[in-house]
J.: 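Sharing a structure below in structure tokens format, with a few things to ask.
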Amino acid sequence: MPIVPMKQILDEAIKGEYGVGAFNVNNMEQIQGIMQAASETKSPLIIQASRGALKYTKMLYLKYLMVAAAEDNPDIPIALHLDHGNNFETCKQAIELGFSSVMIDGSLKEDSKTHTTFEENVEVTAKVVEYAHKFGVTVEGELGTLGGIEDGVGSGSILLTDPADAERFVKLTGVDALALAIGTSHGAYKFKQAPVLAMDIISEVKKRLPDTPLVMHGSSSVPESLVDIINKYGGNIQHAMGVPIKSIQEAIKRGVKKINVDTDGRLAITGAIRKYMAEHPEVIDPRDYFGEARKAVYETVKSKMIDFGTAGHAGDYKPKTLSDMIEIYKSKQK
Ligand code: G3H
Ligand code: 13P
Ligand code: ZN
């Protein structure tokens with residue numbers, strides 16, 4: 001199946017009332033583990049690369065791994081998405097690389113730390129939308145900021161999304177999908193006690209923008225089982241806490257359609273490699289422990305595809321091309 005515009009994947013998720021995981025990738029084993037999960041559960045999916053991932057892989061390597069994933073799985077709709085683009089140039093670069101979707105995170109300045117004003121966010125987001133839509137590429141924007149600072153993305157203070165601003169923002173910019181800040185953050189240490197999320201914000205935004213797929217960043221669940229493996233085999237992860245699956249399912253019901261997951265993949269890989277190395281001190285073949293890491297990613301992602309309700313939906317629709325999207329965007333302008 002060709003690489004599919006993310007807008008189609010998310011619009012179909014609105015129709016089918018399910019969520020779609022957007023999984024961060026940095027290497028072949030992650031991509032293969034995720035694809036095996038998608039293929040077995042027949043799930044459409046979004047593979048996303050951060051700026052850090054593009055730098056680590058010198059861009060081209062990651063691009064061809066993603067293209068290989070699409071070629072190897074002709075029955076699975078896959079969107080290739082830039083995660084947290086920090087300026088117009090980064091988004092342009094991702095579009096040139098062949099991504100079918102980009103996120104412009106205009107809620108923060110280019111340093112990915114300082115808050116922008118509403119007007120600054122609208123300005124950069126609208127510029128990216130105008131450019132991306134000429135190529136049929138989907139755009140995700142963000143309003144409000146997450147709280148996490150663990151991974152270098154995030155301002156360190158939470159600014160929840162105002163639903164009235166969200167409505168104005170989508171109308172002024174023309175974004176295809178909107179990331180909301182409802183109290184989640186990136187990384188493994190999201191909460192100090194039982195998580196409280198501002199679910200009402202999702203419902204209120206959905207009421208105002210029924211056709212706009214909403215996005216939840218910082219959606220890793222940080223399962224105890226994964227943390228325990230890491231700690232059992234020499235790691236030191238204390239007081240980690242994520243978003244419970246039940247909360248994600250509620251968010252999906254209320255209107256979230258794209259669910260961003262990076263940390264759980266990292267935990268799965270780290271635990272699998274630590275365990276394998278500890279149990280096989282004689283091993284020097286990286287295929288052995290990277291193979292275990294791939295399996296751990298597969299298991300983690302597979303359970304999410306089932307829990308998010310994505311499983312079984314890969315064959316629901318005929319994929320659109322970016323050329324189809326160019327015409328669709330043009331006709332909307334008339
Ligand atoms: O949004 C944050 C993702 O977890 C990406 O993290 O910038 O370390 O690749 P990264
Ligand atoms: P987690 O750190 O919860 O996996 O969130 C990832 C994310 O939002 C990527 O954009
Ligand atoms: Zn994010």
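In this chain, residues are counted from 1 in sequence order. FYI, side chains are in, hydrogens and waters are out, and symmetry mates aren't considered; it's all heavy atoms of this structure. Whatever order the structure lists them in is the order used to number ligands and atoms, beginning at 1. Fair warning: this is a prediction, and the values are worked out from it, not measured in the lab.
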J.: Is the closest N or O pair between His84 and ligand 1 shorter than 3.5 Å?
T.: yes
J.: Taking just the N, O or S atoms of His84, which one is nearest to the Zn ion (ligand 3)?
T.: NE2
J.: Looking at ligand 2, is there an atom of it that comes within less than 4.0 Å of some heavy atom belonging to Lys190?
T.: yes
J.: Could you list the atoms of ligand 1 found under 4.0 angstrom from a heavy atom of Asp262?
T.: 3 (C), 4 (O), 5 (C), 6 (O)
J.: Can you check whether Met35 reaches Asp72 side chain to side chain, under 4.5 Å on heavy atoms?
T.: no
J.: With atoms numbered from 1 as shown, which atoms in ligand 2 lie under 4.0 angstrom from a non-hydrogen atom of Gly187?
T.: 2 (O)
J.: Going by the order shown, which atoms of ligand 2 are within less than 4.0 Å of some heavy atom of Asn24?
T.: 9 (C)
J.: Could you tell me if the side chain of Phe23 sits less than 4.5 Å from the side chain of Ile31, heavy atoms only?
T.: no
J.: Could you see which bit of Asp262 sits under 4.0 Å from ligand 2, with heavy atoms only: side chain, backbone, both or neither?
T.: both
J.: Can you sort out which atoms of ligand 2 are near His217, meaning under 4.0 Å from one of its heavy atoms?
T.: 8 (O), 10 (O)
J.: Can you tell me how far the CG atom of Asn231 sits from the CZ atom of Arg274, to the nearest 0.5 Å?
T.: 8.5 Å
J.: Any chance you could lay out the side-chain contact (heavy atoms from CB on, under 4.5 Å) test for Thr138 and His81, step after step, and finish with the verdict?
T.: CA-CA 9 Å; Thr138 308; His81 176 73; over 6 Å; no
J.: Are Asn260 and Val215 side-chain neighbours, meaning at least one heavy-atom pair lies under 4.5 Å?
T.: yes
J.: Report yes if some heavy atom in the side chain of Val102 is under 4.5 Å from a heavy atom in the side chain of Ile104; otherwise report no.
T.: no
J.: Could you tell me which atoms of ligand 2, counted from 1 in the order shown, lie closer than 4.0 angstrom to a heavy atom of Val261?
T.: 4 (O)
J.: Quick one: does Pro195's side chain get under 4.5 Å of Met241's, heavy atoms only?
T.: yes
J.: With a 3.5 Å cut-off and no angle check, do the side chains of His217 and Glu140 form a donor-acceptor pair?
T.: yes
J.: Numbering the atoms of ligand 2 from 1, which are under 4.0 Å from a heavy atom of Gly218?
T.: 1 (P), 3 (O), 5 (O), 7 (C), 8 (O)
J.: Is ligand 2 under 4.0 Å from a heavy atom in the side chain of Ser50, in the backbone, in both, or in neither?
T.: neither
J.: Which one of Arg266, Arg51, His186 has a non-hydrogen atom at the shortest distance from atom 8 (O) of ligand 1?
T.: Arg266
J.: Can you tell me if Glu12 and His313 form a side-chain donor-acceptor pair at under 3.5 Å?
T.: no
J.: Tell me the contacting part of Asn260 for ligand 1: side chain, backbone, both, or neither, using a 4.0 Å heavy-atom threshold, strictly below.
T.: neither
J.: Run the numbers for me: atoms of ligand 2, each under 4.0 Å from some heavy atom of His84, listed by number.
T.: 10 (O)
J.: Of all the N, O or S atoms in His217, which has the shortest distance to the Zn ion (ligand 3)?
T.: ND1
J.: Can a donor-acceptor pair be found between the side chains of Asp228 and Ser225 at a distance below 3.5 Å?
T.: no
J.: Regarding ligand 2, does Asp264 bring an N or O atom to under 3.5 Å of one of the ligand's N or O atoms?
T.: no
